[in-house]
Amino acid sequence: MSDTTVRVRFAPSPTGYLHVGGARTALYNYLFAKRHGGKFILRIEDTDEARSTEESMRMQIADLKWLGLTWDEGPDPETLIEVGPYGPYRQSQRQSIYKEHADRLLATGQAYYCFMTDAEIEVQRQQSMKDGRPPQVNSPYRDWPIEKAQERLATGEKAAIRYKVVEKKDYVLQDLVRGDVTFPSDMVGDFVMLRSSGMPVYNFCCAIDDALMKITHVFRAEEHLSNTLRQMMLYEAFNYELPKFGHLSIILGSDRQKLSKRHGATSCHEYNLNGYLPEALNNFIALLGWSSPNAQEIISMDEMIAQFSPDRLNASPAVFDETKLAWVNATHLRALPDEELWRRIEPYLKEAGFKMPTDPAWRSRALDTFKTSMNNLKDSVELFRYVSEDAMPIGDDAKEILGWPTTKTVVEAWKKGVEASGTEFMTEEQFLKLQDSIKDSAGVKGKNLFQPIRVAIIGKPQGTELKMLVPLLHKHTLIARADEVLRKLL
RNA sequence: GUCCCCUUCGUCUAGAGGCCUAGGACAACUCCCUUUCACGGAGUAGACACGAGUUCGAAUCUCGUAGGGGACGCCA
């Protein structure tokens with residue numbers, strides 16, 4: 001197969017935000033397409049009328065956009081107007097296509113109308129379970145002549161259309177990540193293709209769309225592995241060419257159960273809100289089931305594209321390790337150029353309402369000071385609070401220091417020294433000199449000297465180096481904060 | 001219940017019969033740097049689920065057992 005013919009797709013159902021598992025599936029498909037100069041298609045699987053919403057579709061599109069996983073065909077990320085030669089790309093708008101396909105199988109007797117009710121199906125399921133058989137339906141309508149079914153339909157009654165599984169044989173799937181997987185055809189019963197509402201069911205529309213959209217490779221989650229049998233039957237029935245499949249392992253939570261809401265943040269949207277970088281999230285999830293051939297842990301999108309290959313995909317499930325994600329994120333964050341990092345933390349700072357200098361040199365210096373203590377963009381809020389003009393809350397952990405006998409002397413000397421400084425902002429040298437003179441005048445050294453000064457600046461005994469911090473603070477702010485501490489001491 | 005898939009340090013993984021006294025990364029721990037916190041640097045500890053077989057030789061191949069996961073829907 002020539003590279004330019006590679007066509008892959010990501011086909012989410014629009015129910016809620018994009019899940020990290022879905023993001024990984026999308027990423028692998030995207031990487032594979034880019035690696036081979038192929039096309040990446042976004043198809044919306046909105047056939048579940050009860051759960052699918054337009055709003056969810058917008059949210060998922062926004063998440064995909066945030067991750068930088070852009071598609072060549074599908075709804076336009078801004079206008080939602082569909083682009084590409086194989087549309088529509090929303091399954092809810094392809095019903096005539098599905099109906100036409102169902103009619104074809106109806107005509108050849110490979111499918112039939114089924115009038116069973118939910119209650120009847122449930123009774124059969126229970127009975128099958130009890131008998132130790134797979135809970136498959138055995139429709140009494142499977143051998144009805146089509147004319148008889150049509151008469152009943154004419155009365156206004158609704159029917160689902162089921163595929164008729166007749167031949168007993170083994171289907172062998174050559175899976176890109178699992179090797180040969182054999183499915184006996186009796187693993188499934190006659191399955192529904194079209195609901196009585198006329199809406200298609202996943203296995204039906206998925207197979208038809210993949211075929212019609214000329215999809216060549218399908219990377220999807222493991223939970224679809226056994227679905228593939230039904231889809232293989234359909235491909236056979238329509239005489240369509242089967243794409244290559246690669247079934248990805250699922251992502252687990254720390255308790256080794258399938259990752260879900262109760263494990264904490266599972267949507268890309270939440271990671272976005274919590275200050276994670278899209279490049280870091282991509283990096284981290286890519287490594288959950290795939291490895292770089294040269295063992296790279298920190299890897300850019302371009303490098304992943306250059307290195308991606310399905311034979312490095314891992315079939316065993318992976319636990320989502322929040323701690324490693326934090327490290328990956330911190331590493332990407334610290335590697336960002338100053339202007340870029342500032343651009344990204346700005347919304348968080350703005351939201352916190354801080355008043356700060358706008359001088360680029362000041363910003364750059366502040367970033368240098370704080371970025372080694374930031375794991376994510378949101379962390380900037382607590383850090384920049386120190387250098388904003390806002391009043392500094394004095395923490396409980398400062399109490400002990402406030403109780404030391406020499407603290408008052410040190411803080412008073414500190415305040416006096418700041419007042420005496422000629423410039424609006426002290427330099428590192430000025431600060432160091434002042435610190436030295438306090439040591440002499442107050443006659444204290446070591447932590448008895450440093451801790452009270454620190455408390456007078458940030459309200460707590462631990463944190464960023466003072467010689468870095470002080471030059472970032474305006475004289476007035478420094479004095480106001482010293483006063484605050486002094487008041488507490490009285 | 002039936003069928004399918006999976007099983008290397010706590011976690012992500014490398015490993016395609018001899019290169020493995022099993023390598024890397026995160027986390028942990030120790031030390032160094034440092035007034036504190038972080039960053040950074042140097043180290044330490046830590047795994048082939050179990051049992052048979054094939055082979056001169058098995059983490060790698062086969063079978064079985066156990067554990068985990070998935071599917072069995074007019075959900076996707």
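Atoms considered below: every heavy atom in the structure, side chains included; atoms not considered: hydrogens, waters and symmetry mates.
- Taking the side chain as every heavy atom from C-beta outward, A:Arg43 and A:Asp210 approach each other to under 4.5 Å.
- Shown here, B:rG17 forms no base pair; nothing in the strands shown gives a Watson-Crick or G-U wobble contact with both key distances under 3.5 Å.
- For A:Thr47, counting side-chain heavy atoms from C-beta on, the closest listed nucleotide (B:rC12, B:rA76, B:rU35) is B:rA76.
- A:Arg9 and A:Asp209 are not joined by a salt bridge, as no carboxylate oxygen comes within less than 4.0 angstrom of a charged side-chain nitrogen.
- Side-chain contact annotation: A:Ser52 with A:Arg90, donor-acceptor N/O pair under 3.5 Å absent.
- Closest to the side chain of A:Ala318, out of B:rU13, B:rA76, B:rC6, is B:rU13.
- Among the heavy atoms of the strands, none lies under 4.0 Å from A:Ser254.
- Aromatic ring centres of A:Tyr163 and A:Phe191 lie closer together than 6.0 Å.
- In this structure, of B:rC39, B:rC12, B:rA76, it is B:rA76 that holds the atom nearest to the side chain of A:Asn203.
- Aromatic pair A:Tyr141/A:Tyr112: centroids not less than 6.0 angstrom apart.
- Among the atoms of the strands shown, only primed sugar atoms or phosphate atoms (P, OP1, OP2) are found under 4.0 Å from some heavy atom of A:Glu45.
- Side-chain proximity of A:Ser316 to B:rC4, B:rC6, B:rC12: nearest is B:rC6.
- A:Arg162 has a side-chain polar atom (N or O) that falls below the 4.0 Å cut-off from OP1 or OP2 of B:rC74.
- For B:rA49, the paired base is B:rU65 (Watson-Crick or G-U wobble, both distances below 3.5 Å).
- Among the protein residues, A:Gly189 comes within range of no part of the nucleic acid, since none of its heavy atoms lies under 4.0 Å from any strand.
- In this structure, B:rA71 and B:rU2 make a Watson-Crick or G-U wobble pair, each of the two defining distances being under 3.5 angstrom.
- Counted by atom type alone, A:Gln91 and A:Asp46 present zero donor-acceptor pairs between their side chains at under 3.5 Å.
- Look at the C1' atom in both B:rG73 and B:rU55: the space between them is 49 Å, to the nearest Å.
- When the P atom is compared between B:rC26 and B:rU36, the two are found 24 Å apart, to the nearest whole Å.
- Note on A:Arg125: only backbone sugar-phosphate atoms sit closer than 4.0 angstrom, heavy atoms only; bases stay farther off.
- If you take atom P in B:rA22 and the same atom in B:rA45, they sit 11 Å apart, rounded to whole Å.
- Annotation: A:His217 is in aromatic contact with A:Phe32 [ring centroid separation under 6.0 Å].
- Partner assigned to B:rC29 is B:rG43, using Watson-Crick or G-U wobble distances below 3.5 angstrom.
- Distance from the side chain of A:Pro135 is smallest for B:rC72 among the nucleotides B:rC12, B:rC72, B:rA38.
- Centroid-to-centroid, the aromatic rings of A:Trp404 and A:Phe450 stay 6.0 Å apart or farther.
- With both ends at atom C1', the span from B:rU8 to B:rG68 equals 16 Å, rounded to whole Å.
- Looking at which nucleotide of RNA chain B each of A:Pro461 and A:Ala315 is closest to, the 5′-most match is held by A:Ala315.
- Closest approach to the A:Ser196 side chain among B:rA76, B:rU36, B:rC74 is made by B:rC74 (side chain taken as heavy atoms from C-beta onward).
- Within the nucleic acid shown, A:Gly463 comes within 4.0 Å of at least one base atom, counting heavy atoms only.
- Taking the six-membered ring for Trp and the full ring otherwise, the centers of A:Phe204 and A:His101 sit at least 6.0 Å from each other.
- For the P atoms, the distance linking B:rA14 with B:rU7 amounts to 10 Å, nearest Å.
- Checked against the 6.0 Å centroid threshold, A:Phe40 and A:Phe10 do not count as a close aromatic pair.
- Summarising the base pairing, B:rA22 is matched to no nucleotide, lacking a Watson-Crick or G-U wobble pair whose two defining distances lie under 3.5 Å.
- Taking atom C1' in both B:rC63 and B:rG23, the straight-line distance is 30 Å, to the nearest Å.
- A distance of 7.5 Å separates SG of A:Cys206 from NE2 of A:His224, quoted to the nearest 0.5 Å.
- Among the nucleotides B:rC12, B:rA38, B:rC72, the one closest to the side chain of A:Ser373 is B:rA38.
- Residue A:Asn227 is in base contact, counting any heavy-atom pair closer than 4.0 Å across all strands shown.
- When the C1' atom is used for both B:rU30 and B:rG15, the distance is 30 Å, rounded to whole Å.
- Here A:Arg220 lies out of heavy-atom contact (under 4.0 Å) with every strand.
- Projected onto RNA chain B by closest heavy-atom contact, A:Gln136 and A:Leu313 fall at different nucleotides, the more 5' of which corresponds to A:Leu313.
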What protein N or O atoms touch nucleotides 68-70 of chain B N or O atoms at under 3.5 angstrom, if any, and at what distances?
from: B:rG69; atom 1: OP1; to: A:Gln257; atom 2: OE1; distance (Å): 2.9
from: B:rG69; atom 1: OP1; to: A:Gln257; atom 2: NE2; distance (Å): 2.5

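- With rounding to whole Å, A:Leu173 atom CG is found 15 Å from B:rC3 atom C1'.
- Across all strands shown, nothing is found opposite B:rU35 as a Watson-Crick or G-U wobble partner with both distances under 3.5 Å.
- Partner assigned to B:rG57 is none, using Watson-Crick or G-U wobble distances below 3.5 angstrom.
- Set against B:rA76, B:rC74, B:rG15, the side chain of A:Val192 has B:rC74 as its closest nucleotide.
- Pair assignment for B:rC9 gives none, since no Watson-Crick or G-U wobble pairing has each distance under 3.5 Å.
- A:Phe320 has its ring centre less than 6.0 Å from the ring centre of A:Phe284.
- Taking the C1' atom of each, B:rG24 and B:rA52 are spaced 33 Å apart, rounded to whole Å.
- Distance A:Arg312 CZ to B:rA14 P: 6 Å, rounded to the nearest Å.
- Ring-plane geometry between A:Tyr113 and A:Phe115 is classed as tilted, the angle between the planes lying from 30 to 60 degrees on a 0 to 90 degree scale.
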For nucleotides 27-33 of chain B, give me one character per nucleotide, 5' to 3': B if any protein heavy atom sits under 4.0 Å from the base, S if the only such contacts are to the sugar-phosphate, - if neither.
S------

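- Looking at heavy-atom distances under 4.0 Å, A:Met199 makes no contact with the nucleic acid at all.
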